[in-house]
Amino acid sequence: MMPLAALGEGFPRLSTLADDGFVIGAEARLLGNGEPGETLGSIAPRESLSPASVTKVYLAAAALDRFGPQHRFATRLVSTAEPDAQGVLHGDLVLEGGGDPALTTEDLWRLVQRLHQAGVSEVSGRLVVSQWRFGPVTCITTDRCEGERRVDNAYSALLSSAAVNYGNWCVTIAPARTPGEPADVTSCDSQARLPRIDNRVKTRPDDSGTELTAERLTDDDGDVMRVSGQISTNARPREVYRTSADPAEQSADILMAMLDQAGIAVQGGHATSTAPPPASAQRLAAVDSEPLQELLLRTLNYSNNFMADTLALDLAEGPRPSLSQAGDALEAFAGAIPGHGSATLASGSGLTPENRTSAAGVNALLEHMFRRPSLFPSFVAALQSPGNGVMRFIRRGSDTFQHHVMLKTGTLNQPVTVRAVTGYFRTLSGRWGVFTVLVNGTAATPYLSWSTVLDHLSQDLDAMIQAH
C-alpha cells in the first residue's frame, strides 16, 4: 500500500483524517491556458464518494447550461372562462404551477391583485391548483418520507411544481401581555389561521427566557402545527418554519385565504390536480420568478434542498418526472464533461445518500464552467467566500483562505458522516485553481466536526495559494 505521506501529497494536514478511519478523496490544481494545469495536491482523486450538498454545483451548472442565467419561471392564473360584466368568472380558476423554486406568498398576493385588475370579483367554480409539471413527487429519502405524516424541520420539504414558500408553513409566536396566558400564535402570511395550530406555548414574566419546539402533524383534516414551550413577555416574536405534508394543497389553502381577504369569493371551494389546464384556457394573471442566476445564489448560499430538487425536476425530460429522472438529467450533463468520469446523482440536493462522484470529477465540472465565459460569472457568484459567506461555520482559517477562496460545502450525518467542500481559489500571483475534498465516514468512524475539516483544509490551501 502507498504510504500515507505519498497519498496526502499537497494535503499534509487533511490526510491525517485517514488515521481516524475516514475515507478521503481530494484534489487541488491550477487551471492552465487550455491544457491541464499543475496538480498541487492529491488524495485518491478518482475515489467514488458521497458529495452530500456539493451535488448542488452539478445542479447549478446543468441549470445554467439548459436555461441560461436570465431564465424566469412563470406561475399563472388561467381559466376557460372570462369575467362577465359583473366580474363573475363562470368556471374554474386554475393556478398553473410553473416549477418556480422560490414562489412566495408575496407572489401569490401579486397574482390576486392582478386578477382583481383583470376584473374578477367572484369565481362561480373552484380554485384548482395544477401541479401537472411534477408533483406530488414520490419521496425517496427517510426525512421526506417521514415528513408526510410528521416533521420537526424545515429542510426536508416535499416537492411540487406548484409549491409556495419552499414547501413550508410559517407561524409567528408572540407573547401575550399577561404572564400565564397562552402565547399568541398566528400565520406569518395570512389573517386566516393556516395551518391549524395546536398552541401549547405559555407566556412567562420578563426575562424568563424563550424555549420553543415545533412539529407539523397531519391528520385526516390536514396539517396541524403543534408549538410548545415558553416565551417571555418582553421577548420579540419568533417565526417558526416546518414543512407541509402536501405543498400543492398548502398553496391552495393560502391562495383561497388571500382571495377571500381581497373580496374575491370562490363558490366551489378548492382542489388540486395533476392535469394540465385545458388548451383553451386563457391567462388572467401571471408572475415571474427572479432570474435563474438569483435563484442559484439562494440555492447554493443557503444550501436549500427544496430549491435544488425543484430545479433538478425542471431539468428532467418528459411529463411528471420522478426525482430519479431528474438525477438522470444531472448524470447525463456530468457524463458529457471532458475528463469527468462516472457519477451517480439521484437528486439535485444531495439529500440522497447514494449520490457518488469523485474529487477529480467535481474539479472537471468546475474547470468546464470556468471555460464558459457567458455562464461562469453567474456560476461562481453562487459560491461563498469564507470571510463573507452567509454560513457562519465557514468563517475560519487565515486571511488568505478567507478571501482567496470561493466554496460550496456538503454535510450528511446519516447513514455515515460526510463532510465535502469544493470551489475555486486565486493564488497570490492571480492564477485560478480548483479544489475538491470529499471526506466520508464509515459505521466505525467517530463524528467529524466541520471545524476540524476546515482548519486542516485552510492550512493546506493557504500553503498552495502562498506558493503560487
Side-chain angles (χ1 to χ4, degrees), residues 8-15 17 24-32 37-43 45 51-58 60-61 296-303 350 357-371 375-411 418-439 448-468:
E9 183 176 358
F11 289 108
R13 295 163 185 83
L14 195 67
S15 64
L17 296 177
I24 306 172
E27 182 186 68
R29 57 185 175 84
L30 298 174
L31 295 178
E38 178 186 354
T39 298
L40 306 182
S42 179
I43 306 174
S53 282
V54 162
T55 300
K56 293 180 175 74
V57 300
Y58 286 90
L296 291 176
L297 188 149
R298 299 185 207 172
T299 303
L300 269 66
N301 269 219
Y302 295 96
S303 205
T357 190
S358 67
V362 181
N363 281 349
L365 168 75
L366 297 180
E367 180 170 5
H368 176 69
M369 295 305 292
F370 177 77
R371 302 198 185 283
L375 301 183
F376 180 66
S378 298
F379 182 73
V380 73
L383 305 178
Q384 295 187 67
S385 169
N388 301 312
V390 299
M391 297 298 185
R392 293 181 179 273
F393 76 92
I394 67 172
R395 299 176 188 174
R396 306 183 67 85
S398 67
D399 184 74
T400 299
F401 175 74
Q402 290 194 48
H403 300 293
H404 285 248
V405 173
M406 295 287 286
L407 57 78
K408 174 73 188 83
T409 61
T411 306
V418 177
R419 302 290 182 264
V421 58
T422 188
Y424 297 94
F425 62 88
R426 295 292 299 274
T427 69
L428 293 189
S429 66
R431 296 189 64 183
W432 282 87
V434 293
F435 73 96
T436 298
V437 173
L438 308 176
V439 181
L448 180 62
S449 71
W450 260 115
S451 60
T452 298
V453 175
L454 288 174
D455 287 348
H456 290 340
L457 174 62
S458 65
Q459 292 178 67
D460 288 341
L461 278 181
D462 187 294
M464 297 177 194
I465 292 168
Q466 296 280 356
H468 294 83

I'd like to know if the side chain of S303 pairs up with that of K56 as donor and acceptor (distance under 3.5 Å, no hydrogens or angles considered).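 On atom types as modelled, these side chains qualify, holding a pair under 3.5 Å.
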Do [X] side-chain atoms and [Y] backbone N/O form a donor-acceptor pair below 3.5 Å?
| X | Y | value |
| --- | --- | --- |
| S385 | Q402 | yes |
| Q384 | N301 | yes |
| S429 | H468 | yes |
| R395 | G389 | yes |
| N363 | E27 | yes |
| T422 | F435 | yes |
| R431 | L30 | no |

Please list all pairs passing the salt bridge (charged side-chain N to carboxylate O under 4.0 Å, His left out) test where one or both residues lie in residues 451-468, with sequence neighbours left out.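 For residues 451-468: R13-D460, R396-D455.
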For T409, which of L300, L383, V54, I394 qualifies under side chain to side chain contact (heavy atoms under 4.5 Å, CB included)?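 The option that passes is I394.
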Holding to salt bridge (Lys or Arg N to Asp or Glu O under 4.0 Å), I want the full list of residues that pass it with R371, two or more places apart in sequence or in another chain.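 E367.
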Report, as yes or no, whether the 6.0 Å neighbourhood of atom CZ on F393 holds more than 12 heavy atoms from other residues, nucleotides or ligands.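 It does: F393 CZ has more than 12 such atoms within range.
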Parallel, tilted or perpendicular: which one describes the rings of W432 and Y424, with boundaries at 30° and 60°?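 Rings of W432 and Y424: perpendicular, over 60°.
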